[in-house]
Amino acid sequence: MSRRKNSLHLDSRIDELVERLEQYGRKSFLTPQELAALIGVSLKFLEAQRRALDGPRFSRVLPIGVVYRSRDVIKWLQGRAALRQTENA
């Protein structure tokens, strides 16, 4: 089975990941470490996505550093799901 160019392993688990994130609450903030553990990706992946402006929306909050709002991560995952459906149509 070949994988589409823009397909990631997390794409097959979007519903499960959205459910997990909703348990945190849509106003919750996550550090890169928390998000990586929650959705099963590496910190390097999240960093690369930030540089490419291709990942979930993020903010830099001093002195903490980068944080992600769970609702923004949910939107990003849902956008990936919609794109995937369009590609498969």
Straight-line distance of [X] [atom1] to [Y] [atom2], nearest 0.5 Å:
{"X": "Ile39", "Y": "Leu46", "atom1": "CD1", "atom2": "CG", "value": "5.5 Å"}
{"X": "Leu21", "Y": "Tyr68", "atom1": "CG", "atom2": "OH", "value": "12.5 Å"}
{"X": "Gln78", "Y": "Leu17", "atom1": "CD", "atom2": "CG", "value": "11.5 Å"}

Legend entry - Arg20 side chain to Leu38 backbone, donor-acceptor under 3.5 Å: yes
Inset, instruction - Say whether, by atom type as modelled, one donor and one acceptor occur between the side chain of Glu34 and the main chain of Thr31 under 3.5 angstrom. - result: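 It does hold such a pair.
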Legend entry - Residues, nucleotides or ligands: over 12 heavy atoms within 6.0 Å of Glu16 CD: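 Buried by this count: over 12 neighbours within 6.0 Å.
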Inset, instruction - Grab the two heavy atoms, one from Pro32 and one from Arg50, that are nearest each other, plus how far apart they are. - result: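 Here Pro32 and Arg50 meet closest at CG-NH1, 4.1 Å.
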Legend entry - Contact summary for Ser42 and Ala36, nearest pair of heavy atoms: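 Taking Ser42 first and Ala36 second, the nearest heavy atoms are C-CB, 4.2 Å.
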Inset, instruction - May I ask you to test the Val41-Gln49 pair for a side-chain heavy-atom distance under 4.5 Å? - result: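 Counting from C-beta outward, Val41 and Gln49 never come under 4.5 Å.
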Could you tabulate the donor-acceptor pairs under 3.5 Å formed by side-chain atoms of residues 51-59, not counting sequence neighbours?
{"residue": "Arg51", "atom": "NH2", "partner": "Glu47", "partner atom": "OE2", "Å": "2.1"}

